[in-house]
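Residue numbers begin at 1 in each chain, while the letters A, B, ... track the order of the sequences.
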Protein chains: 2
Amino acid sequence: MPDKSLRIRRAGSAPPPRRPVMLAIAGDSAAGKTTMTKGLVEALGPERCVSLCTDDYHAYDREERKELPFTALHPDCNHLEIMEQHLQLLATGSPVLKPVYDHGSGQLVRPELVEPAEFVIVEGLFPLWSKLSRACFDVTVFLDPPEEIRRGWKIHRDTAKRGYTEEKVLAELERREPESEAWIRPQRANADLVVRFAPIEGRDDPPDTPLSATMMMRPTIDHPDLTEALQPGLSRAMHLKLERDPDGRPVESLHVHGYVPREESLAVEKAIWTSLGTPDTETPDCLGRLGDARSEPLAIAQLLLLYHLTDAAR
Amino acid sequence: MPDKSLRIRRAGSAPPPRRPVMLAIAGDSAAGKTTMTKGLVEALGPERCVSLCTDDYHAYDREERKELPFTALHPDCNHLEIMEQHLQLLATGSPVLKPVYDHGSGQLVRPELVEPAEFVIVEGLFPLWSKLSRACFDVTVFLDPPEEIRRGWKIHRDTAKRGYTEEKVLAELERREPESEAWIRPQRANADLVVRFAPIEGRDDPPDTPLSATMMMRPTIDHPDLTEALQPGLSRAMHLKLERDPDGRPVESLHVHGYVPREESLAVEKAIWTSLGTPDTETPDCLGRLGDARSEPLAIAQLLLLYHLTDAAR
């Protein structure tokens with residue numbers, strides 16, 4: 001029935017809607033996706049940027065999942081076909097009626113209308129899981145903290161905000177591990193940027209030093225030129241390094257140490273920001289916020305993403 | 001960003017999904033849409049036919065609607081853009097995650113996955129409301145009982161099944177009348193078939209006689225040829241008549257009186273069914289069921305729709 005397709009297309013409203021810039025922030029549970037997203041939405045402003053979480057595409061509620069032979073990290077536990085459909089719709093400028101998973105009660109509740117703004121940030125376990133879902137994004141990031149760091153974050157969050165006991169979280173982490181390996185971590189290979197927050201090995205920084213960050217920038221998209229701002233020898237707290245990614249492909253890595261002084265990070269922030277060709281604009285000052293504290297590595301990671309969002313919108 | 005559209009299309013799964021035959025059954029609240037739909041789904045079998053109700057696209061729950069200056073019959077009270085989107089997806093063979101409005105509690109609840117079967121029947125207040133929604137259907141019907149009949153049906157159903165008092169239903173009917181006129185009844189002009197169940201004026205049939213039916217068949221689709229089975233003078237209980245529809249356009253009307261004997265209606269059923277060119281197939285015997293009673297006019301109306309569904313599938 002190609003006639004019906006044609007009829008539908010001819011009956012559709014013209015002109016076609018404006019297409020948003022789409023950013024994927026993928027990563028395992030409690031990898032820091034929401035923290036990263038929040039700073040970006042705040043920097044762009046909620047009128048220009050909407051965010052959504054792919055956890056909402058869970059096909060089963062918490063009670064139902066107890067009876068299943070897999071966890072929420074398994075594709076079969078999620079409406080991934082619908083997630084892909086909604087990503088395509090958003091990427092081409094259409095609204096979606098997004099399902100809602102309530103992490104507090106563990107229930108699937110009333111869906112909500114999401115209209116694409118200038119920027120759409122999609123964070124979650126599965127945004128990069130298929131070729132089709134990846135085709136919806138302009139920029140893709142995978143958050144990749146070391147497992148022991150992520151476990152600590154997950155225990156802290158799930159006991160504080162989601163009503164689990166520490167034992168339950170530990171048991172769940174163990175149950176999820178094979179599925180993390182099979183379905184979540186492979187998405188790292190498909191990200192334009194892989195961001196890893198971790199302490200620097202071998203250093204004995206005071207305990208309140210922010211985590212350092214390593215940003216692996218794959219040449220799948222054009223990154224800002226930081227070679228001038230980060231000439232060798234100029235800085236010990238930040239540096240660029242040519243490396244191979246875990247698959248042996250060449251990448252450039254930006255290392256930002258947690259103890260980096262504000263002046264140094266400002267110089268790099270300026271280099272990133274002026275690469276956009278709008279040197280007069282101030283870099284947003286809500287970046288790097290971590291509760292009441294501030295993290296220069298987080299600020300730089302967020303600014304790098306902001307650079308790519310702004311660049312893709314042009 | 002046409003490149004992204006192309007990337008999405010190229011990443012999509014091939015071959016394209018099979019497209020279902022889509023039937024719209026539009027009409028005001030309690031016009032008999034569910035009764036009509038139920039018989040068709042049963043006749044085709046739930047493995048070949050799914051049905052959905054556009055009431056599920058209510059944008060507000062019952063509590064929220066109390067504060068609004070319009071009723072559920074107003075376009076602004078419904079996610080009609082999403083309804084259109086879902087109709088397009090279903091019409092082109094894709095599943096949708098359909099919202100769910102619970103008529104019992106008046107709440108919007110967890111959405112459900114609807115995968116298009118061979119046939120998709122969409123009943124509700126708004127399936128024919130826009131050019132785009134109409135383009136999604138192969139066959140369209142409007143149920144058009146006289147207002148006093150519909151009021152009786154609505155009072156009966158809403159007090160028995162939806163927990164309203166009779167006074168509430170009457171007040172609601174009055175409140176809805178201007179919106180029925182503005183938004184629901186105009187859809188009648190866009191239906192291939194307009195079906196009206198009503199008593200025959202001037203006759204004094206016993207009170208348990210089924211309602212008669214008038215089926216206005218617009219030449220917008222090809223109807224089965226009934227001229228031979230319904231030669232003038234052959235039957236008083238069923239006849240064809242050339243008429244003008246309320247807009248002055250020519251239509252053929254099939255009148256089936258409530259008291260029609262089973263033998264006569266069987267002859268017409270056979271004429272409809274053999275027009276499909278499969279004379280050996282029995283007509284489904286679940287048609288015409290009205291609770292525990294049987295209505296020949298309903299059976300013929302349902303068979304006519306079944307004819308069109310089967311015809312469109314070829």
Side-chain angles (χ1 to χ4, degrees), chain A residues 1-13 16-22 56-61 64 79 81-102 107-115 130-138 312-313, chain B residues 1-13 16-22 56-61 64 79 81-102 107-115 130-138 312-313:
Chain A
M1 282 171 267
D3 59 307
K4 203 196 279 185
S5 265
L6 184 65
R7 266 210 293 158
I8 290 173
R9 263 185 288 146
R10 291 190 64 212
S13 58
R18 187 175 164 188
R19 291 177 181 151
V21 170
M22 304 258 294
D56 287 323
Y57 293 88
H58 284 344
Y60 304 97
D61 66 21
E64 291 163 342
H79 287 307
E81 192 182 6
I82 299 295
M83 180 198 79
E84 287 171 348
Q85 181 187 89
H86 286 192
L87 292 179
Q88 289 173 73
L89 286 163
L90 291 167
T92 50
S94 294
V96 299
L97 197 59
K98 184 185 66 62
V100 176
Y101 177 75
D102 177 347
Q107 294 191 317
L108 289 153
V109 297
R110 170 180 178 167
E112 63 187 20
L113 190 70
V114 176
E115 310 217 42
S130 69
K131 196 171 173 183
L132 181 55
S133 70
R134 296 192 292 273
C136 298
F137 293 103
D138 300 273
Chain B
M1 283 170 267
D3 59 309
K4 204 197 279 185
S5 265
L6 184 64
R7 267 210 292 157
I8 289 174
R9 263 185 288 147
R10 290 190 63 211
S13 58
R18 185 173 166 191
R19 291 178 181 150
V21 170
M22 304 259 293
D56 287 323
Y57 293 87
H58 284 345
Y60 305 98
D61 65 22
E64 291 164 343
H79 287 307
E81 192 182 6
I82 299 295
M83 180 197 79
E84 287 171 347
Q85 181 188 88
H86 286 193
L87 292 179
Q88 289 172 72
L89 287 162
L90 290 167
T92 50
S94 295
V96 299
L97 197 59
K98 184 186 66 62
V100 176
Y101 177 74
D102 177 345
Q107 292 191 317
L108 289 153
V109 297
R110 168 181 179 166
E112 63 186 22
L113 190 70
V114 176
E115 310 216 44
S130 68
K131 196 171 173 182
L132 181 55
S133 71
R134 294 193 294 271
C136 299
F137 293 103
D138 300 273

Could you pull out the closest heavy-atom pair between A:Q88 and A:C136, with the gap in Å?
N-SG, 3.6 Å

Top contributor to chain A contacts, counting heavy-atom pairs under 4.5 Å, from B:K131, B:E84, B:H79, B:Q107
B:H79

Going by salt bridge (Lys or Arg N to Asp or Glu O under 4.0 Å), name the residues that satisfy it together with A:D102, two or more places apart in sequence or in a different chain.
none

Is chain B contacted by the side chain of A:L89, its backbone, both, or neither, given a heavy-atom distance below 4.5 Å?
side chain

Mind jotting down which residue pairs meet the salt bridge (Lys or Arg N to Asp or Glu O under 4.0 Å) criterion with at least one end in residues 85-96 of chain A? Sequence neighbours excluded, please.
none

Below 4.5 Å from any heavy atom of chain A, which atoms of B:I82 appear? Answer side chain, backbone, both or neither.
side chain

Counting heavy-atom pairs closer than 4.5 Å to chain A, which one of B:V96, B:L87, B:L97, B:T92 comes out on top?
B:L97

Side-chain touch B:D61/A:R110, heavy atoms, less than 4.5 angstrom:
yes

